[in-house]
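Below is one structure, written out as C-alpha cells; the observations come after it.
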Amino acid sequence: MELNEQELVRRQKLEELINHGINPYPAETWEVTARSAEILEGFDSDPGKFGDVTLAGRIMSIRDMGKASFIVIQDSSGRIQVYLRRDDISHGDDTSPYDFLYKKMLDIGDIIGIRGFVFKTKMGETTVHVKELKLLCKTLRPLPVVKTDADGNQHDAFTDPEMRYRQRYLDLIVNPSVRETFMMRTHLTRSMRQFLNSKGYLEVETPILQPLYGGAAARPFKTHHNTLDMTLYLRIANELYLKRLIVGGFEGVFEFAKDFRNEGMSRFHNPEFTQMELYVAYKDYEWMMNLVEEMVERIALDLHGKTEVQVGEHTINFKRPWKRFTMYEAIAHYSGIDITNMSEEQLSLAAKDMGIHIDKTMGRGKIIDEIFGEKVEPHLIQPTFITDYPVEMSPLAKKHRSKPGLVERFEAICNGKEICNAFSELNDPVDQRKRFEEQLELGRRGDEEAMQLDEDFLRAIEYGMPPTAGLGIGIDRLTMIMTDSASIQDVLFFPQMRPEIREEA
RNA sequence: GAUUCCGUAGCUCAGCUGGUAGAGCAUUACACUUUUAAUGUAAGGGUCCUGGGUUCGAGCCCCAGCGGGAUCACCA
C-alpha cells in the first residue's frame with residue numbers, strides 16, 4: 001500500500017507513542033459522565049450543575065497557542081470546545097502530557113478522553129478546561145477538515161457525492177447534518193411502529209428468501225440454496241405472506257421489510273429498500289385511507305412538532321383530511337379530458353394528443369397509468385389520495401363494490417411521488433386464481449414483471465381470508481420527504497454503488 | 001440503457017492558445033498560556049482516473065475504457 005506523507009507521519013507517531021509506553025489503543029472503559037450537548041444546554045442556566053465532567057470524542061480542530069490551546073471535540077451529541085493549558089495537565093515538572101502527547105502526537109481525527117471543569121471563555125463560549133487528557137484511539141488517516149466561519153459559511157465542505165456514499169463514516173464524522181437525517185429516519189420508523197403498536201397490531205417477520213416471489217410487479221434477484229439445491233428469490237414484497245397470517249387468524253399484522261428489486265437505479269430507486277406493510281382484517285380501503293392520514297400526520301408532528309414540512313421549495317402540510325380524487329377525476333381535473341367511458345382506441349388517441357408515448361403492448365390500464373404519471377402525478381405536491389384504479393393493474397386488489405372495471409385501491413401521492421399503495425384485499429379465491437392466470441399470460445407475452453402463480457397462497461385463501469385492508473408504505477420515500485432529501489442515497493447509510501476497484505473477469 | 005457534465009496534493013478547488021503543475025486548508029519545523037475559518041515565519045507533499053493516439057512537446061486535443069453526478073428511459 002502506497003502511503004502519503006500524512007499517513008507516514010501518523011504511523012511514525014504511533015511507533016513513538018508505543019516507545020514512550022503510551023498505548024494508542026487502550027482497552028479499559030473510559031467512563032463518560034457528560035455529553036457535549038448537555039453541557040452546552042445546561043451550563044448557562046445552572047453553572048454549578050457540572051462539577052468535573054468526563055468526555056470522550058474525536059478531535060475536530062486544533063488552535064494551538066504555545067503553552068495553551070483550544071481544540072474542538074465531537075461526541076455523539078455534537079461538538080464542544082476544550083481548553084488545554086500545559087501547566088494544568090502536567091504531572092508536577094513533567095510537562096510531557098502537553099509538550100509530547102498533545103503537541104507532538106495528537107492530530108485532528110484522533111479520539112481522546114478528557115476530564116475537567118466547565119467554564120465560559122472571554123468570548124462567551126462554554127468550554128471544558130482540561131485537567132486530564134488520555135489518548136483513546138490514534139488515527140492513521142487524515143480527516144477532511146471542514147471549517148465554518150463566524151457567519152456560518154462552510155469552507156472546503158466535504159461534498160464529493162461518491163466519497164460521501166462510499167465512505168459514509170467520513171460523511172457522518174464531518175457533516176453533522178447527515179447524522180441528523182439518519183436520526184430522523186430512525187425517529188420516523190419508531191413513530192410509525194409506536195402508532196401501529198398502539199392500535200394493537202402485531203409486528204411479525206416473514207421470509208426474505210422465497211421460492212416464489214410475489215406481491216408486486218417487479219423483477220427479482222435470484223439466488224441458490226445449496227443443501228436444498230433449489231432456486232430462491234429475494235422478496236420483492238411480503239404481501240402474500242402477511243395475508244397468509246390474516247388467514248391464520250391474526251387481525252392486524254405489520255412488518256418493516258427490506259425488499260429487493262432487480263431494476264434500474266435512480267435518485268428514487270435503490271435495489272434494496274424498505275417498505276412497511278400492514279394488513280388489518282374486517283376493514284376496507286376507505287378505512288385504510290383514514291389510518292394513513294392519521295399515521296403520517298402523527299409522524300410529521302413527532303418529527304417536526306407541526307404538520308408542515310419544508311421540502312425543497314414547497315411547504316407540505318400533512319394535516320388531515322387530505323384531498324381525495326378518483327383516478328378518473330384527477331385525470332379530468334389536470335388534463336381536462338374525461339376518460340371514464342373511453343374505449344381502448346379512444347384512450348390511445350387521447351394519450352397521443354397529450355404527447356404521451358404509447359405502444360401496442362399497452363392495455364387500457366397501462367395507458368391510463370401513463371396518462372396519470374405524465375399529467376397528474378407531478379402536480380400533486382400536497383398529500384393527495386388517488387382512488388379506484390383499473391383492474392388490469394392490480395391483480396391482488398378486490399373489485400370495486402360499485403364501479404365495474406375498477407378495483408378498491410388507493411395511492412397517496414406527495415411531492416409528486418407515490419408514498420404508499422393500498423387496497424381492499426382480494427379474498428375471493430376464484431377471482432384471485434383468474435387474476436394470477438392473467439398474469440401468467442402477460443408473462444408468456446414477455447412481461448418480465450408479471451406475477452407468478454402462487455398455489456399455496458391460493459390454497460390459503462381458499463380456506464378463507466376475512467375481508468382485509470392492506471397497505472404498503474415506502475419508508476425511504478417518506479424519509480426523503482420528512483428530511484427534505486433530494487436523493488434516496490441521502491437516506492440510506494450505504495446506497496448501492498459499483499465496486500471501487502473492478503476485478504478482472 | 002441514452003444524453004450530458006465531472007475525475008488535478010489528504011480535503012476543497014484553480015490551471016491561459018498545447019510549452020518544466022498552482023492556491024487555501026491539512027501536514028512538518030519554529031514562535032505564541034482565553035482562541036474560534038486563531039496568527040506569524042519557513043518547508044515538504046502530485047500515477048493530473050486508466051490505456052492508447054496526434055504532436056518536437058499533452059493536465060489540456062482525439063479514441064476507448066473505469067468511476068460518479070444530473071436528466072431521461074425503465075420502475076411502485
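By convention in this document, chain letters (A, B, ...) are assigned in the order of the sequence lines, proteins followed by strands, and residues within each chain are numbered from 1.
In this structure, rA58(B) makes no Watson-Crick or G-U wobble pair, since no nucleotide meets both defining distances under 3.5 angstrom. Base pairing of rA29(B): its partner is rU41(B), meeting the Watson-Crick or G-U wobble criterion (both donor-acceptor distances under 3.5 Å). The partner of rU71(B) is rA2(B), by the rule that a Watson-Crick or G-U pair needs both atom distances under 3.5 Å. Taking a pair to require two hydrogen-bonding distances under 3.5 Å in either a Watson-Crick or a G-U wobble arrangement, rG18(B) remains unpaired. Remark: rG46(B) base-pairs with no nucleotide; criterion is Watson-Crick or G-U wobble with both hydrogen-bond distances under 3.5 Å.
The local environment of NZ in Lys222(A) is sparse, with at most 12 non-hydrogen atoms from other residues, nucleotides or ligands closer than 6.0 Å.
At the phosphate of rG69(B), OP1 or OP2 sits under 4.0 Å from a side-chain N or O atom of Gln489(A). Considering only side-chain N and O atoms, Arg498(A) lies under 4.0 angstrom from the phosphate OP1 or OP2 of rG68(B). Look at Lys13(A) and you'll find a side-chain N or O under 4.0 angstrom from OP1 or OP2 of rU28(B). Phosphate proximity of rU12(B) to Lys147(A): absent, as no side-chain N or O sits under 4.0 Å from OP1 or OP2. In terms of phosphate contacts, Arg63(A) brings no side-chain nitrogen or oxygen within less than 4.0 Å of OP1 or OP2 of rU35(B).
Atom C1' of nucleotide rC6(B) and atom CG of Asp160(A) are separated by 10 Å, given to the nearest angstrom. Regarding Glu5(A), its CD atom lies at a distance of 13 Å from the P atom of rU47(B), rounded to whole Å. We find that CG of Leu170(A) is positioned 14 Å from C1' of rU12(B), with the value rounded to whole Å.
Straight-line distance between the P atoms of rU3(B) and rA73(B): roughly 15 Å, to the nearest whole Å.
For Glu125(A) against rU34(B), a side-chain-to-base donor-acceptor contact under 3.5 Å is absent. For rG24(B), its base sits under 3.5 Å from the side chain of Asp156(A) at one donor and acceptor pair at least.
Among His400(A), Glu408(A), Glu425(A), the single residue meeting the side-chain hydrogen bond (donor to acceptor under 3.5 Å, both in side chains) criterion with Tyr285(A) is His400(A).
For the pair Arg185(A) and Phe182(A), the cation-pi criterion (under 6.0 Å, within 45° of the ring axis) is not fulfilled.
Counting only heavy atoms from C-beta on, Phe119(A) has its side chain closest to rU34(B) among rU34(B), rU36(B), rA37(B).
Between Lys67(A) and Met163(A), it is Met163(A) whose nearest contact on RNA chain B lies nearer the 5' terminus.
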